[in-house]
Amino acid sequence: MHIMEGFLPPAHALGWAAVSLPFLAWGLRSIGRDLQAHPERRMLLGVAAAFAFLLSALKLPSVTGSCSHPTGVGLGAALFGPAAMVPVGFVVLLFQALLMAHGGLTTLGANVFSMAIVGPFVSYGVLRAVAALGLSRSVAVFLAASIGDLATYVTTSVQLALAFPAAVGGFSVSFFKFAGIFALTQVPIAISEGLLTVLVVNAMVRF
Amino acid sequence: MLIESSAYASRWRDVAPSAKALFALAGFIAAWLAHSPVAFAALTAVLVLAALLGARVQLRSYIAVALPPLGFLLLSCLTMLVGPDANGHWNFTTAMLPTVEHLALRSFAMLAAMLGLVLTTPMPDLLNLLRRLRTPELLLDLMVLCYRMLFVMQQAWDESITAQSARLGYRNLRQAWRSTGLLAGQMAVQVWQRAAALQMAADARAYQGTLRFLPTAYPQARRQQAWAALAGALMLAIALGDRL
Amino acid sequence: MSALLELQAVDHIYPDGSTGLRDCTLTLQRGRRYALLGPNGAGKTTVLQHLNGLLQPTAGTLCYDGQPFDYHRKGLTALRSRVGLVFQNPDRQLFSALVEEDVSFGPLNLGLPADEVRARVAAALDAVGLLGHARRAVHQLSFGQKKRVCIAGVLAMEPEVLLLDEPMAGLDAPMQTELTALLDRLAARGVTILLSTHDIDFALRWADDIHVMAAGRCIASGPAQQLAAQTAVLQAAGQRPPAALALHAELVALGVLPEGQVPRSIDALLDSLRALKNSREITA
Amino acid sequence: MSALLELQAVDHIYPDGSTGLRDCTLTLQRGRRYALLGPNGAGKTTVLQHLNGLLQPTAGTLCYDGQPFDYHRKGLTALRSRVGLVFQNPDRQLFSALVEEDVSFGPLNLGLPADEVRARVAAALDAVGLLGHARRAVHQLSFGQKKRVCIAGVLAMEPEVLLLDEPMAGLDAPMQTELTALLDRLAARGVTILLSTHDIDFALRWADDIHVMAAGRCIASGPAQQLAAQTAVLQAAGQRPPAALALHAELVALGVLPEGQVPRSIDALLDSLRALKNSREITA
């Protein structure tokens, strides 16, 4: 769920950009170090970003009939690590704003924080935790991808609630409302994304 | 992609991207400054008409592109208008109405500013602008590769879907899921092969470690920037006039 | 007898507004070998995708066995199980890691029981000469082998009509010979075959009948030898006259070869010349 | 005069253990047009990638102008500015979205000043006939146009040698004619050209010299007409004798055509037959 262009007040838009920027810089530095040892990684991440964009523009066969948008960052985090996914996620989100009017330029900072920072880190953490528990790969991948997706959507709801606290009840009521209304679309998407990621990883392992 | 094809077809395609970006930036700032519905209406009108009449973006494309974000806007605004009243009963409440009104008008105007830019400026020109604005080289390289490979992979994806359909891969939901999973897995594996092929092709052309391209020259850039600054100043004046 | 497959005055406009087909009419009779001849962009692929129900006509009708196509889910399933389509690029139609898995994709989608699928996969791989490669990884195969896996994937659905888009593209001479032999075996079993090509020499050599496409229309149809002699039609489709025919005409004009038996290929022409040489030597 | 480019007893083993080249020796002289002829998998692409320094030999030596290749960064940059390589698939070698940007990639890597790069881009696009498409997006071009952008991207580096991997693959007859004309123009300017192909008729028609590859070795080299007549060599490389030569031989044996002038293509043979017919008519 991308926050649309112009939806956040200036202070919030700039604030979230300021929060995301250090992560982006850190991600770039981490890739840059990696590139010295593996120069071919540059092409790889570029092509991977294109693939992630493609997946995000995909209309998945979904039970609710809504066109669901998986983010692919869960998969990316598992393959390239969460640090690399910040710049890659940034590129994907920028392209979604510029090519599909999905999200926006003023809200890019907020969307990057929820989708390219929180999502990948949560996915990666869940993957590690579930792997440590010794559950099967499919379960680990499913949980990582879908919980990463849910974390993204909860973060977005927090961002919206912070910007627009309810007149009565303030932040918590507002959060409850946003989280509730977007759950209708986001929960099926999270499940779809989890399923698809499992299918993709299973297919990849076989090649 | 509709935005993409509109941008290449737009009459402002060869206007300096810096001028178009300046105009959009002024639109963003003005929309953040504006207060009254009249000012928002005026700003939105300037931005929309510039795209439709100035750059000759087709009205149908414009509406089609604007609909999904407007759907988000509608849903979010309705959400904000529902809430508990003082007695804890959930109801339509007018308490948030001023906020919602301002929010919707601002979102309209800013969406118009962004659409004015992206519907007239193809991505390669925008990337050129980002290069001139000293975006980190690594980030630019990712964007350049992402943009080009997007179309290559999109075509591969579409062709594969067609081939799977010919073998009944989308007969029902279960098969559709299976087919999509197989295809996405195969395409994920291709990511590595395509990257290796591009690396080799780059090396064959004496690749030195970063993807360098010659930016397009815009001989009329100064004049166009001046016009954009003028139009931008007009919008800022509308917004500021509101505050005085 | 009604035609097996028919396009009647079919128009197709793509979503981007470009014209794919324009008043295109052509028929396929059961059991024959057809070549769809034309330059790139003439609409050959669009015709093939219509025949398999992947595209629906903007105007006009398609018929199978005299019945108009039914574009509902059930109708399409039935159609695609009867009319199989092999695409040009193997990398766009092979999705599974193993050869046998890929070949089983179609029959599994038909909802056949596992035993039946297994039997069909084996038969299809046998038909294309890859039975020994069933458990190989697809990405380890050569280009020619991948092409044959694609064909097996369609054969496993046991279609009555086999459509192939530019099957010879990218194949070298030995692989082309091999593929031609495979197509001939299938034709001998009664499978109706339609393949698209921009190579008139190949079309004349291989096909019973040729449909000539130009600018989204089928501008001429007929027995291969007859059609290949119509210079005006060929020119309209951007094709040179086939080399074998041009040479034969000159040799007839020079009195070297007798009129009448028109060769279908350079090889056939060479054979006549050799026969002539031998007969002269015997006479001498 | 020493050769411009040379492979001397080159072996190449790929990291996965498969053999790419095996004792492969061949030379290119300045200003000539070469065809590298062989079936798929014979090692043609591997040879091209060695000549451009993309692959290093496991054993053996490569020389440019008599000097062994220098595989350090500077040496490679110098080599690649002299020896340009065009790959088979455009979608795997074009990275920039705009035509003019992509063409500027090579010259910029050579460290040339912006004005010089701009001039070279324009000249290269002009040479391939795409000057009017400089600001088009690559994904909006046809396959044939993309192929020409790839060639322009290499030409802008002003190489002395142009290597092309299967340049005719996927092109229909008119596009092939166009590309052949482009290559001829480049050759006329003095560019040495080596292209790989599995089509012996095309190799005979176009090339001055042919190198025949089979199983990772160059098994024969020589002037095209001479080499195309060596049936044993061709057979070893899985090639049939070219149609024009086979026909000519039969017609000479039958006494229709005089010995001596061997045709390079069916068209040339047709021309001789027509000339013969005309001379007879004049005599009659």
Side-chain angles (χ1 to χ4, degrees), chain B residues 1 4-10 13-15 17 121-128 131 140-156 158-159 190-219, chain D residues 48-49 51-55 73-74 76-118 120-121 134-140 146 150 153-154 156-157 159 163 165:
Chain B
M1 276 175 279
E4 190 57 15
S5 47
S6 298
Y8 280 102
S10 125
R13 154 88 213 267
D14 285 318
V15 169
T121 318
M123 182 73 89
D125 298 353
L126 289 172
L127 296 185
N128 251 321
R131 193 178 296 270
L140 277 172
D141 286 356
L142 293 186
M143 292 185 205
V144 166
L145 289 167
C146 179
Y147 182 70
R148 169 78 190 113
M149 293 318 285
L150 200 62
F151 294 96
V152 174
M153 295 180 88
Q154 173 86 53
Q155 192 189 354
D158 291 344
E159 286 174 9
Q190 280 183 15
V191 166
W192 273 262
Q193 297 162 356
R194 288 179 188 280
L198 286 177
Q199 180 73 35
M200 199 169 229
D203 283 338
R205 285 202 269 163
Y207 179 52
Q208 305 291 323
T210 58
L211 297 173
R212 288 187 296 175
F213 306 103
L214 196 62
T216 309
Y218 294 96
Chain D
L48 298 181
Q49 293 185 353
L51 287 171
N52 177 266
L54 286 173
L55 294 177
R73 175 183 276 232
K74 275 200 158 174
L76 281 179
T77 302
L79 175 70
R80 288 168 187 164
S81 72
R82 293 199 190 113
V83 182
L85 170 57
V86 180
F87 293 80
Q88 185 173 346
N89 186 346
D91 282 338
R92 290 177 174 249
Q93 62 192 301
L94 299 172
F95 354 74
S96 181
L98 287 187
V99 169
E100 61 177 6
E101 275 188 4
D102 200 277
V103 176
S104 74
F105 178 74
L108 280 177
N109 287 336
L110 297 181
L112 298 170
D115 285 349
E116 167 79 9
V117 172
R118 227 177 282 280
R120 283 192 178 199
V121 169
R135 299 265 299 144
R136 292 273 304 274
V138 168
H139 62 261
Q140 295 168 335
K146 282 187 201 168
C150 297
V154 172
M157 300 172 76
L163 312 172
D165 199 0

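So you know, we letter chains A, B, ... as the sequences are listed, proteins then strands, and number each from 1. Predicted, not measured: the structure shown is a model, and the values here were computed from it.
Chain B forms the most heavy-atom pairs under 4.5 Å with one residue out of D:Leu94, D:Val117, D:Val86, D:Asn89, and that residue is D:Leu94. Counting heavy-atom pairs closer than 4.5 Å to chain D, the top-ranked of the candidates B:Leu198, B:Asn128, B:Leu211 is B:Leu198. By number of non-hydrogen pairs under 4.5 angstrom with chain D, the leading residue of B:Asp203, B:Thr210, B:Val144, B:Val152 is B:Asp203. Considering only heavy-atom pairs separated by less than 4.5 Å from chain B, the leading option among D:Gly84, D:Pro107, D:Ala137 is D:Ala137.
Not counting sequence neighbours, D:Phe87 has no partner by the ring-ring contact (aromatic ring centres under 6.0 Å, His included) test. Take D:Ser81 and apply the side chain to side chain contact (heavy atoms under 4.5 Å, CB included) test, not counting sequence neighbours, and it matches D:Leu110.
Nearest heavy-atom pair across B:Arg148 and D:Pro90 is NH2-O, 4.5 Å. The two residues B:Ala206 and D:Thr77 come nearest to each other via the heavy atoms CB-CG2, 4.1 Å.
Taking the side chain as every heavy atom from C-beta outward, D:Arg92 and B:Arg194 approach each other to under 4.5 Å. No side-chain heavy atom of D:His139 sits under 4.5 Å from any side-chain heavy atom of B:Gln154. Considering only heavy atoms from C-beta on, D:Asp91 comes within 4.5 Å of B:Gln155 through its side chain.
Separation of atoms OG (D:Ser96) and CZ (B:Arg212) is listed at 14.0 Å; rounding is to 0.5 Å.
With respect to B:Met200, the side-chain contact (heavy atoms from CB on, under 4.5 Å) criterion is satisfied by exactly one of D:Leu55, D:Asn52, D:Leu85: D:Leu55.
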Next item on the list: Would you check, one step at a time, whether the test side-chain contact (heavy atoms from CB on, under 4.5 Å) holds for D:Leu98 with B:Asp125?
Entry: CA-CA 9 Å; D:Leu98 287 187; B:Asp125 298 353; 3.9 Å; yes
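With a 4.5 angstrom heavy-atom cutoff, D:Glu101 touches chain B via backbone and side-chain atoms both. Interface residue B:Thr216: backbone and side-chain heavy atoms are both found under 4.5 Å from chain D. Heavy atoms of D:Asp102 lying under 4.5 Å from chain B belong to its backbone as well as its side chain. For a residue to count as touching a neighbouring chain, one of its non-hydrogen atoms must lie under 4.5 Å from one of that chain's; by this rule B:Tyr207 touches chain D with backbone and side chain alike. Both the backbone and the side chain of B:Ala202 come within contact range of chain D, each with at least one heavy atom under 4.5 Å from a heavy atom of that chain. Contact of B:Pro215 with chain D is made through the backbone alone, with heavy-atom distances under 4.5 Å. Looking at D:Leu79, neither its backbone nor its side chain comes within 4.5 Å of chain B, counting heavy atoms on both sides. Contact annotation for D:Arg73: only side-chain heavy atoms (C-beta onward) come within less than 4.5 Å of a heavy atom of chain B. Contact annotation for B:Ala156: neither backbone nor side-chain heavy atoms come within less than 4.5 Å of a heavy atom of chain D.
The aromatic rings of D:Phe105 and B:Phe213 lie tilted to each other, with the angle between the two planes from 30° to 60°.
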